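Let me begin by presenting the structure, written as structure tokens, before commenting on it.
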Amino acid sequence: MGSKTKARELMQKAGVPIVPGTTEPVETLEDAKKLIDDTIGYPVAVKAAGGGGGKGFRVALSEDKLQDAFEGAAREGEKFFSDSTVYPRALPAQPPPRSRFR
């Protein structure tokens with residue numbers, strides 16, 4: 001699937017709207033907490049940077065759930081994509097409407 005963080009960075013530079021979050025991976029749980037507290041807020045999705053198909057996707061509804069989400073996404077990223085890199089992004093309260101072109 002490639003690097004989601006790199007793809008987010010390229011889309012942002014091109015002016016394409018992206019879900020709020022980071023375009024850089026986070027190295028530690030503490031880095032994730034700080035980023036979420038400073039910019040994203042909860043609920044948050046923690047995603048494997050190399051993931052796809054729902055692999056390496058975890059949700060933290062609050063800070064007390066972040067460690068499990070962070071570790072679970074990293075573990076699945078390593079298992080399925082040989083890459084434990086993760087990044088947090090906002091988790092919209094409501095999914096966008098389905099496209100009429102489907």
Side-chain angles (χ1 to χ4, degrees):
M1 295 262 111
S3 171
K4 286 190 173 58
T5 53
K6 185 66 174 172
R8 287 172 57 82
E9 179 182 351
L10 291 171
M11 287 188 297
Q12 190 175 49
K13 284 181 181 177
V16 176
I18 61 172
V19 175
T22 183
T23 58
E24 297 290 326
V26 292
E27 298 293 325
T28 67
L29 178 61
E30 291 73 27
D31 291 343
K33 283 181 184 179
K34 180 167 179 26
L35 178 72
I36 293 164
D37 289 343
D38 292 349
T39 62
I40 302 171
Y42 291 92
V44 67
V46 180
K47 299 184 72 175
K55 302 291 186 200
F57 183 99
R58 293 287 186 271
V59 173
L61 297 176
S62 58
E63 185 176 334
D64 64 314
K65 303 294 184 191
L66 182 60
Q67 182 172 353
D68 288 342
F70 186 91
E71 291 173 355
R75 205 170 31 252
E76 278 199 3
E78 181 63 36
K79 179 179 179 181
F80 292 104
F81 309 105
S82 300
D83 181 0
S84 62
T85 306
V86 299
Y87 71 97
R89 70 157 175 82
L91 183 69
Q94 181 175 341
R98 292 184 64 174
S99 169
R100 65 183 185 164
F101 300 107
R102 281 190 162 184

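Just so you know, these numbers come straight off a predicted model, no measurement behind them.
- Closest non-hydrogen pair, Gly54 versus Glu76, comes out as O-OE1, 4.4 Å.
- At a threshold of 4.5 Å between side-chain heavy atoms, the hydrophobic network of Ile, Leu, Val, Met, Phe, Trp and Tyr places Leu29 and Tyr42 in one connected group.
- In this structure, the separation between OG1 on Thr39 and NZ on Lys34 is 9.5 Å, given to the nearest 0.5 Å.
- Cluster membership for Phe81 and Val26, using ILVMFWY side-chain heavy atoms within less than 4.5 angstrom, is not shared.
- Side chains of Arg58 and Glu71 form no contact here, defined as non-hydrogen atoms less than 4.5 Å apart.
- Of all heavy-atom pairs spanning Lys55 and Ala48, the tightest one is O-CB, 4.4 Å.
- In this structure, Lys79 has no side-chain hydrogen bond (donor to acceptor under 3.5 Å, both in side chains) partners at least two apart in sequence or on a different chain.
- Between Phe70 and Val46, the shortest heavy-atom distance links the atoms CA-CG1, 3.9 Å.
- Note on Ile40: it does not cluster hydrophobically with Tyr87, by side-chain heavy-atom contacts below 4.5 Å among ILVMFWY residues.
- Nearest heavy atoms, Val44 versus Pro88: CG2-CB, 3.8 Å.
- Both Leu35 and Leu66 are members of a single hydrophobic cluster when ILVMFWY side chains are connected at heavy-atom separations under 4.5 Å.
- Linking ILVMFWY residues whenever their side-chain heavy atoms come closer than 4.5 Å, directly or via other members, leaves Leu91 and Ile36 in distinct clusters.
- Of all the heavy atoms in Ser84 and Glu78, the pair that sits closest is N-OE1, 3.5 Å.
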